[in-house]
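One structure is given here, and the rest of the page talks about it.
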Number of protein chains: 2
Amino acid sequence: MQFSSRLPIATHILLVIQLYGKDFKVTSDFLASSVGVNPVIIRKTLGQLKRANLVEVNQGIGGTTLKKSLDQISLLDIFHAVEEDEDLFHFHENPNPNCAVGKNIHAVLGGKIRDVKSKFEKDLDSIKLDSLIEKFKES
Amino acid sequence: MQFSSRLPIATHILLVIQLYGKDFKVTSDFLASSVGVNPVIIRKTLGQLKRANLVEVNQGIGGTTLKKSLDQISLLDIFHAVEEDEDLFHFHENPNPNCAVGKNIHAVLGGKIRDVKSKFEKDLDSIKLDSLIEKFKES
DNA sequence: TATACTTGTAGTTTTGAATGTTACAAGTTA
DNA sequence: TAACTTGTAACATTCAAAACTACAAGTATA
């Protein structure tokens with residue numbers, strides 16, 4: 001069980017725009033070729049990043065640019081852009097309300113899980129994209 | 001996108017054994033009725049908890065007991081018992097090896113993601129089941 | 001204006017994991 | 001032997017992710 005590849009793909013997209021945006025028009029086909037997925041997936045993801053105010057997309061003419069510098073974009077920003085805001089774990093939906101455990105499991109365990117999610121989000125927020133980019137320039 | 005209900009279900013199971021084990025024989029049917037899922041799901045989960053040395057199952061006669069006290073069982077123990085050990089995020093599988101980003105995205109971002117996973121696991125480990133049980137006794 | 005290229009998005013298909021269900025062999029007790 | 005339970009195989013169902021096709025609409029430029 002793991003999270004979808006949307007955050008990795010979105011991160012990939014942003015890094016490509018940063019590294020290649022100066023020399024190329026970064027279209028959905030260009031990105032699809034680097035990421036290795038269908039251009040429509042790229043366009044949908046770009047739509048999510050646009051709504052989160054992370055990128056600007058030039059409709060018609062084509063091409064994409066970043067709206068923030070890399071040190072202002074965290075993995076949490078990307079996570080929120082491409083994933084639903086929901087509990088970290090899916091809860092079984094029919095616990096027995098006549099059982100002390102069944103009646104309260106969602107509230108009690110759910111509270112703890114939400115605490116864990118808060119910390120998880122803080123950890124994601126502490127990682128900015130500029131901490132990744134150096135490794136790509138070297139290669 | 002969220003984790004499966006296996007950790008919530010396994011936690012539910014352990015709490016029921018603790019609370020009802022003295023007065024009832026806690027069979028897979030008994031547990032299925034409290035959790036609200038099929039008894040076979042319960043048996044599979046009990047198998048995972050048994051392999052993790054968290055419970056003992058009496059084959060033939062039926063019934064289950066805890067092998068540790070609640071203050072010795074953390075959400076991380078349960079998480080490891082019921083979930084695969086893998087990256088937190090699924091990575092796109094065909095990044096372009098001729099692209100600086102595509103060639104290194106898995107290694108670079110993967111490293112950061114593993115750091116986040118380590119912290120996530122520490123947070124889960126800090127939550128022991130005895131911190132949950134009081135709320136159920138009250139109700 | 002016509003052409004070429006691009007984005008946005010609807011609609012459909014494919015794939016894979018989670019979950020549900022049936023069935024039955026094997027263990028245990030009385 | 002009868003009654004009950006666990007362990008597990010096999011198959012069905014459900015649901016979300018991802019792939020793909022198609023096309024309307026935006027934009028630049030010849």
Polar atom pairs between nucleotides 20-24 of chain D and protein, under 3.5 Å, N or O only, would you list them?
none

I need the CD1-P distance between A/Ile42 and D/dA17, as an integer number of Å.
17 Å
Could you check how far CD of A/Gln2 sits from P of C/dG16, rounded to whole Å?
14 Å
Does any residue of residues 51-64 of chain A have a heavy atom under 4.0 Å from DNA chain D, and if so, which ones, in number order?
A/Gln59, A/Gly60, A/Ile61
Separation of B/Leu46 atom CG from D/dT6 atom P, in whole Å?
8 Å
Checking side chain to side chain contact (heavy atoms under 4.5 Å, CB included) against B/Leu7, which of B/Ile78, B/Leu76, B/Thr45 comes through?
B/Ile78
Spacing between A/His90 atom NE2 and C/dT19 atom P, to the nearest angstrom:
6 Å
What integer distance in Å separates A/Glu84:CD from D/dA16:C1'?
11 Å
Is any side-chain heavy atom of B/Asp87 closer than 4.5 Å to one of A/Gln2?
yes
Say whether B/Ile133 and A/Ile113 are linked into one hydrophobic cluster, either directly or through other cluster members, by side-chain heavy-atom distances under 4.5 angstrom.
yes
Length of the line joining B/Phe30:CZ and D/dC4:C1', which is rounded to integer Å
16 Å
Nearest atoms (heavy-atom pairs only) where B/Gly62 meets B/Lys25:
O-CD, 3.6 Å
Can you measure B/Lys25 atom NZ to D/dA3 atom P for me and round it to whole angstrom units?
15 Å
Would you please indicate yes or no on a ring centroid separation below 6.0 angstrom for B/Phe91 and A/Phe3?
no
Under 4.0 Å between a side-chain N/O of B/Ser5 and OP1 or OP2 of C/dT19, yes or no?
yes
For the residue pair A/Phe89 and B/Phe120, categorise the inter-ring angle as parallel (less than 30°), tilted (30 to 60°) or perpendicular (more than 60°).
parallel
Phosphate-side-chain proximity, A/Ser4 and D/dA17, N/O vs OP1/OP2 below 4.0 Å
no
Side chain to side chain, A/Ile105 and A/His92, heavy atoms closer than 4.5 Å:
yes
How long is the span from the NZ atom in B/Lys44 to the OG atom in B/Ser28, to the nearest 0.5 Å?
12.5 Å
Rounded to whole Å, please give me the gap between CD1 in A/Ile17 and P in C/dT7.
11 Å
Find out whether B/Leu54 and B/Lys68 are in side-chain contact, i.e. whether some heavy atom of one side chain is under 4.5 Å from a heavy atom of the other.
yes
Could you say whether A/Gly36 or B/Thr27 is positioned toward the 5' end of DNA chain D, judged by the nucleotide with the nearest heavy atom to each?
B/Thr27
